[in-house]
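Reviewing the structure listed below.
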Amino acid sequence: MAQAVAAAEGGERSSLLAAAQGRRARQILGERVLLGLLVASSLVAILTTIGIVLSLLFETIRFLDAVPLFDFLFGLNWSPQIAIREDQVGSSGAFGVIPLLVGTGLIAAVAMTVAGPLGLLSAVYLAEYATPRARSLAKPILEILAGIPTVVYGFFAVLVVAPFVRDSSESIGFEVSSESALAAGVVMGVMIIPIVSSLADDVISAVPQSLREGAYGLGATKSETVRDVVLPAALPGIGGALLLGVSRAIGETMIVVMAAGLSAHLTVNPLQAVTTITVQMVALLTGDQEFDSPKTLAAFALGLLLFIATLILNLIALMLVRRYQERYD
Amino acid sequence: MDMTPSNLMPKLTARGVNVFYDDAHALKQVDLDIRAHEVTALIGPSGCGKSTFLRCLNRMNDLIEICRVDGDIRLDGEDIYDPAVDLVYLRARIGMVFQKPNPFPKSIYDNVAYGPKIHGLARSRADMDEIVVSSLERAGLWDEVKDRLEAPATGLSGGQQQRLCIARAIAVRPEVILMDEPCSALDPIATARIEALIDELKQNFTIVIVTHSMQQAARVSQRTAFFHLGNLVEVGDTDTVFTRPVDPRTESYISGRIG
Amino acid sequence: MTDPRQSPTETILASLPRRRRAEARFRIYGIAAIGVALAFLVLLIGAIGSKGIGAFSQAEIALDVTLDESVLDPSGTRDPETLSTANYRAVVRAALGEIFPEAVSKRRDRRKLMALVSAGAGFELRELVLEDPGAIGQTMRVWVPADDEVDMLLKGAIARESGRFNDKQLAWLDRLEEEGRIRSAFNWRFFSSGDSREPELAGILGAISGSFFALLTCLVLSFPLGVMTAIYLEEFAPRNRWTDLIEININNLAAVPSIVFGLLGLAIFLGFMGLTRSAPLVGGMVLALMTLPTVIIATRASLRAVPPSIREAAIGLGASRMQAMLHHTLPLAMPGIMTGTIIGMAQALGESAPLIMIGMVAFIVDVPQGLLDPASALPVQIYIWADSPERAFAEKTAAAIIVLLAFLVVMNLTAVILRRRFERRW
């Protein structure tokens with residue numbers, strides 16, 4: 001009798017066990033599928049990069065069929081709209097990228113002249129001087145600057161800064177074009193301030209307190225400590241922050257599309273109108289377009305240049321910041 | 001050593017010193033005299049307040065926002081917490097060496113030259129050279145670094161870095177040097193060198209050293225103060241404190257029962 | 001043994017005033033830097049606010065229109081087809097002629113008179129009639145929009161002496177004003193219509209709707225993809241070179257210029273996959289790829305913030321790693337993930353360059369109704385208007401910016417509140 005009960009119980013238990021095993025098997029299968037989905041979605045990021053590289057490369061190669069690489073990279077003349085001479089390849093203009101590189105560099109230089117000092121000084125102030133209260137007030141304000149869409153900065157440049165630059169330079173006797181590199185660059189610089197300041201703030205805050213104490217212990221003032229000890233210690237990271245700022249400046253589109261010029265002048269005078277890589281990409285791809293003309297393909301070649309330049313800057317910047325963080329971990 | 005009365009008067013006096021971190025009462029009603037040209041050791045279990053007290057003496061605690069210091073601390077009779085006191089001046093007179101060697105990310109030379117440079121103590125390059133060389137010599141580091149003065153200081157070994165930090169501190173020619181467990185990050189050989197150095201330095205400087213090692217206190221100090229749970233329990237000649245402690249807590253600690 | 005050199009204290013004391021001044025200067029530099037940034041922000045918001053506030057009101061002119069059956073519906077059938085193609089402009093002209101009989105005689109004057117009223121006045125009468133055909137034959141007072149130049153004149157943005165209006169026109173306007181036939185009304189058209197060549201008729205509904213469909217696509221794609229990628233990298237991925245590569249890749253994607261994503265969309269989504277140009281679907285796909293790194297980084301940070309003890313407790317009770325993650329870690333990390341996603345969406349809402357690349361920059365009057373209708377987007381609309389020569393469009397541009405910034409403020413505030421509300425200290 002007792003044995004029979006035990007056997008029945010045993011049978012019940014084993015059927016429960018079987019059910020549990022079946023559930024477990026289904027669960028394992030489900031988890032496999034889910035894991036597969038997770039892996040697959042993580043590939044999207046990789047595929048995006050591959051997609052960018054392939055599409056840029058592919059179209060650039062087609063562009064280089066029409067325009068020789070040498071003429072593209074070292075040509076001093078950019079005028080994709082007008083045929084310069086009858087027998088010209090693609091018969092639709094000159095594709096020398098040098099004026100665009102100079103223009104992009106000029107505007108980025110103006111932008112960094114604004115964003116570098118202002119960003120670093122604000123970072124130093126926030127990290128070393130500000131009370132927690134002032135910090136909690138000033139940081140969000142700087143973040144607002146970072147959150148404003150670039151098209152808004154562009155309109156601001158056209159509405160306020162460009163007329164101001166023009167009027168004030170004319171009043172002291174300078175000839176200024178209404179779409180000066182200066183106006184676009186200054187506004188872009190303001191946009192980049194929060195990028196530089198927040199990264200530099202992180203980097204400065206990561207300098208070990210023991211170094212500061214070492215300087216204070218010798219009787220250094222706060223500014224001496226910052227200038228002679230903290231900033232040199234944070235230098236690689238600050239370099240990284242500035243490089244990321246430059247990378248943003250050369251890739252920025254809307255501000256320059258709206259506030260910088262369209263025609264390519266080879267000049268380093270910030271009061272003149274210059275054009276940039278991104279401006280030309282927009283100009284080439286808007287309006288009437290045949291998809292296969294050297295004009296549209298040129299946009300991809302410019303895109304490839306831009307991608308490579310920002311990639312290199314970003315990688316160096318990330319490496320600097322990372323190496324710096326390791327040093328003080 | 002000249003025996004002017006000023007040398008018999010305490011260099012530093014602390015009366016009724018209390019320290020709070022927010023609401024935590026870290027140091028309670030401490031009275032302590034530091035005599036000139038002696039080594040005073042502050043000992044006690046960790047968290048007893050000995051480092052906190054040390055950092056009151058050059059107002060390093062001012063850097064910690066939540067920290068509040070009450071009481072009266074005087075250097076040669078001048079209240080160092082007087083609002084008129086300039087921290088730069090105070091810290092130039094009371095130097096400090098830290099627990100972990102913290103050389104600046106500069107060359108060996110520039111590390112030692114930094115204090116004299118900001119205070120304008122060298123009138124010429126030759127002046128500065130002399131200060132750097134003599135400071136390194138007194139810190140017992142000269143022979144090891146004389147060929148690589150322009151090398152980065154971070155490339156030195158831990159013990160060398162700590163002696164560099166001592167050289168950096170004495171280059172300003174302070175009157176008092178505070179040392180916060182200067183050997184805790186070092187190996188025994190480096191420790192022995194630093195201890196020998198401390199013994200020499202007391203000729204010219206008044207030294208206050210925090211240590212967690214009773215042997216070290218016994219070896220280098222003339223006077224010892226024992227802290228426990230924020231109280232200064234006992235202070236006296238090192239020999240007396242270690243051989244005939246008055247307070248039972250001191251006795252427990254030195255015999256290894258409180259740790 | 002005493003030091004042969006003189007005590008340094010005198011020298012140090014002497015150096016103190018100079019160093020205190022240097023210290024004060026340094027501190028002022030820092031404050032000034034933040035001050036400059038702040039001043040720019042105030043100037044930007046002030047300039048755009050003061051420029052754009054006017055666009056929320058619009059001058060309207062009262063006309064006593066007679067919806068003459070012989071003009072609008074001569075056959076009397078009330079056929080909607082007839083009614084919608086009828087000549088409403090003639091009705092407007094007649095109403096104006098009632099007020100200014102002296103202007104009707106000369107063609108030139110008639111044209112100048114008509115120029116005071118928006119070209120959209122006729123459309124509004126048409127809407128009125130189509131809604132209620134019974135109104136035909138009646139005479140009623142209707143407020144129709146004034147022309148944009150008149151609007152600018154009344155707002156003081158154009159001077160009377162500018163030469164844009166001749167003396168007769170100015171006199172007519174004065175009379176309209178005396179008779180109480182001119183008012184400034186809330187510009188509901190700005191929120192209820194699409195783009196237009198006429199500034200007084202142009203609205204942002206089309207652009208907002210385009211942005212909405214693009215953001216919807218962006219959210220539907222980037223949220224699951226981003227969260228799943230983050231879960232894989234944070235909870236399941238082995239630490240090896242392959243995952244390192246994915247990580248570097250994600251960090252780098254976050255810093256690729258947005259215009260390059262536009263080229264990707266142009267080449268792959270439009271060129272290779274053959275999707276429709278100017279469609280919010282494609283715009284949303286491009287924005288999703290751009291937003292992905294933000295969502296991934298935010299999700300990983302929130303997953304990491306959940307203490308491992310919770311995971312370990314679940315696993316200790318016999319849950320699998322996947323169950324521990326799905327039932328315990330992920331729900332706890334959700335507020336942080338939502339916050340990051342909203343911030344990513346806000347960034348996407350402000351993007352214009354990649355959308356321009358895929359053709360969402362066209363002049364589109366109709367309000368898009370779906371993912372494949374040609375559309376623009378709010379920031380792109382701002383760009384288009386900023387480029388338009390009419391003075392009234394500058395005002396519209398600033399007003400559209402105010403609306404865009406308002407959306408962004410709401411989104412970011414939601415993110416902040418979400419973070420505050422659910423912020424947990426473990």
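Both backbone and side-chain heavy atoms feed into the values below; hydrogens, waters and symmetry mates do not. Sequence lines set the chain letters: A, B, ... in the order given, protein chains first and strands last, and positions in each chain run from 1. Only a predicted model underlies this, so the values are computations on that prediction, with no experimental measurement involved.
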| field | Top contributor to chain C contacts, counting heavy-atom pairs under 4.5 Å, from A:Ile46, A:Thr310, A:Ile144, A:Leu304 | value | A:Ile46
| query | What's the shortest heavy-atom distance between A:Gly261 and A:Val279, and which atoms? | reply | O-CG1, 3.5 Å
| Under the salt bridge (Lys or Arg N to Asp or Glu O under 4.0 Å) criterion, do C:Arg20 and C:Glu23 qualify, and how do the steps go? | CA-CA 5 Å; C:Arg20 280 201 203 110; C:Glu23 177 70 22; over 6 Å; no
| query | With only heavy atoms counted, which part of C:Ala398 is less than 4.5 Å from chain A, the side chain, the backbone, both or neither? | reply | both
| remark: Heavy-atom closest pair (C:Val286 atom, C:Gly262 atom, distance to 0.1 Å) is CG1-N, 4.3 Å
| Between A:Val160, A:Val114, A:Leu159, A:Val124, which has the largest tally of heavy atom pairs under 4.5 Å with chain C? | A:Leu159
| task | Identify which part of A:Thr278 has an atom lying under 4.5 Å from any heavy atom of chain C, answering side chain, backbone, both or neither. | result | both
| Chi angles and distances behind the side-chain hydrogen bond (donor to acceptor under 3.5 Å, both in side chains) call for A:Glu31, A:Gln27 | CA-CA 6 Å; A:Glu31 292 191 356; A:Gln27 184 197 329; 3.1 Å; yes
| task | Between chain A and each of C:Phe40, C:Phe272, C:Phe236, count heavy-atom pairs under 4.5 Å; write down the option with the most. | result | C:Phe40
| task | Would you mind telling me which of C:Thr243, C:Ile48, C:Leu253 has the largest number of heavy-atom pairs within less than 4.5 Å of chain A? | result | C:Leu253
| Which atoms of C:Leu292 approach chain A - backbone, side chain, both or neither, heavy atom under 4.5 Å | side chain
| field | Polar contact flag, side-chain donor to acceptor under 3.5 angstrom, C:Thr329-C:Glu235 | value | no
| task | Select, from C:Leu44, C:Leu264, C:Leu326, C:Leu43, the one with the greatest count of heavy-atom pairs under 4.5 Å involving chain A. | result | C:Leu44
| query | Where does C:Leu270 contact chain A at under 4.5 Å (heavy atoms): side chain, backbone, both or neither? | reply | neither
